[in-house]
Structures are given as structure tokens and as C-alpha cells.
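Values below: all heavy atoms of this structure, side chains included; hydrogens, waters and symmetry mates excluded.
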Amino acid sequence: MARRLGTVILWPVGMLLASWRYLWRTSPLHRIDEEGPLEEPGPDVPPELADDRLQGIEDGAGPYFRRHYSVRIAGSSMSPENLIDTIAADPNRAAPIEVAFFRKTAGPEGPLRVGDEYVVRMPGPWDGPVRVVARDPTSFRLATLKGHLEAGQIEFGATRDGDDLCFHIVSWARSGDSLSRLLYDRVRLAKEMQLHMWTHYCERVGKLAGGRVRGGITIHTRRVDDAPSA
């Protein structure tokens, strides 16, 4: 338990030291925070991918959060399909690698595919194991595995709206355990570092798409104290 506590405490400290320069940015952030009930429950994991290594929402602790990060990209000639193919070919092309690095641990070499597994390496003695549970032309979705800081799923997707290319990251998750909950929901340091990690990811996607962020980045968080059952 003492080792686990030290690990969880060192994670946000490492994040802070590695990502201090991302706490100041040129793109404005628009934050919307609400409380339940949840109108859109998270998607199901396909049964063939839901083994005993999966860390589902029911395995987590504390309130359930739906977080939606969205950005509009002006001046990009990419289609939503092109953008997601580019990210899926190498998730690190958009990742802020100083604070999050994707390393494939299961599956063939090449682009991200359903069934592949990755470890998201972060500062401090912490790894975030995930499995690809969905992939279509304009999105892919990851589910957490045992040992992850969170319990749930996260989706990366793109659409077109007029001349703008739109990119989003949506997560449906709880803290992985009571210690992770302490840092996320009580101390809030992990929450802020996670926010800056994914908003920076959105900014990098804008550059990867060859465009510019229009109107900043919107972060919509809904907290639900009654977590969905399995």
C-alpha cells in the first residue's frame, strides 16, 4: 500500500515538472462544468474484448465523469478520415511526448487496430495500459486495463462542419481506485494536469492537420455521482 501511495503521488508531480511549459498557451480554453444525471451513457466494450484484464467503470472508485474536449481547425485540407488515419498510424505524432508517450505492447506492427494494446508512458513511475476496442473511418476508442489510473474508455474522433475540420476527445471514466480518486477529485492536481495534457493534444492535432485552431478549445465536463453499473 505504501508503495502504491508513493506511485500515485509521484505521478502528478512528474506530470507537473515535465509539462510546466504547457500551462501557458495561446489557444483560449472554454471550460464548462456540470453535474449529473448523464444523458449519454458510455459505449459498451465488445464482449470479445472484455476479458478479466479490462478495467471497466464498475471497477473504479468515486464519481463518474464524461469529459468532452473539442476543437475546430480552420484552413485544413484534410478530411476526417485522413486525420484519424494519420493519428492511428502513429498516435505519438499528436501526443505531447514530454507528458504522454504511446508504446504498442500487443498487436502487429503498423497502424492502430482493434485488439491492439498500448501503454501510455507518463512522468513518474506510472504506466497507463489500454486496449483498442473500436475503430471506424473517423474515430477510434480505447478502454483501460488493470493498473490504469482511470477505469473507463476514451474516444478520439473527427468530423467536418462547413469549412472547418473538427476534432474531439471524449472520455467516460472513474478514478481507477480510491488513491487515484484522492488526487483527481479531492486534491485536483491530477485533474488539471490531465486537462492540460489533452488540450495540448488538441492543439497538436491542429498543427498536424495543417490548419489553425479557431476559437480555442472547449472542455465540457459532466460529473455523475451515481456511477453507471456494469
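Contact between L54 and A143 at its shortest, heavy atoms only, is CD1-CB, 3.6 Å. Heavy-atom minimum distance, G206 versus I73: CA-CD1, 3.7 Å.
One N or O on the side chain of N92 and one on the backbone of F102 form a donor-acceptor pair closer than 3.5 Å. One N or O on the side chain of T144 and one on the backbone of Q55 form a donor-acceptor pair closer than 3.5 Å. With R222 contributing its side chain and E35 its backbone, the two residues share a donor-acceptor pair below 3.5 Å. Using a distance-only test at 3.5 Å, with no hydrogens or angles considered, a donor-acceptor pair links the side chain of R113 to the main chain of P111.
Using a 4.0 Å cut-off between charged nitrogen and carboxylate oxygen, R131 and D51 count as a salt-bridge pair. Of the charged side-chain nitrogens involved, at least one lies within less than 4.0 Å of a carboxylate oxygen, so that R135 and D85 count as a salt-bridged pair.
When each of I154, V133, D116 is paired with L142, the side-chain contact (heavy atoms from CB on, under 4.5 Å) condition holds for I154 and for no other. Just one of K146, R103, R53 meets the salt bridge (Lys or Arg N to Asp or Glu O under 4.0 Å) condition when paired with E117; it is R53.
By the neighbour-count criterion of 12 heavy atoms within 6.0 Å, atom CG of D44 is sparsely surrounded, having that number or fewer from other residues, nucleotides or ligands.
At a threshold of 4.5 Å between side-chain heavy atoms, the hydrophobic network of Ile, Leu, Val, Met, Phe, Trp and Tyr places I87 and V119 in two separate groups.
Checked against the 6.0 Å centroid threshold, Y201 and F156 count as a close aromatic pair.
Side-chain contact between S79 and R160 is absent, with no heavy atoms from C-beta onward closer than 4.5 Å. At a threshold of 4.5 Å between non-hydrogen side-chain atoms, the residues W198 and I219 do not count as touching.
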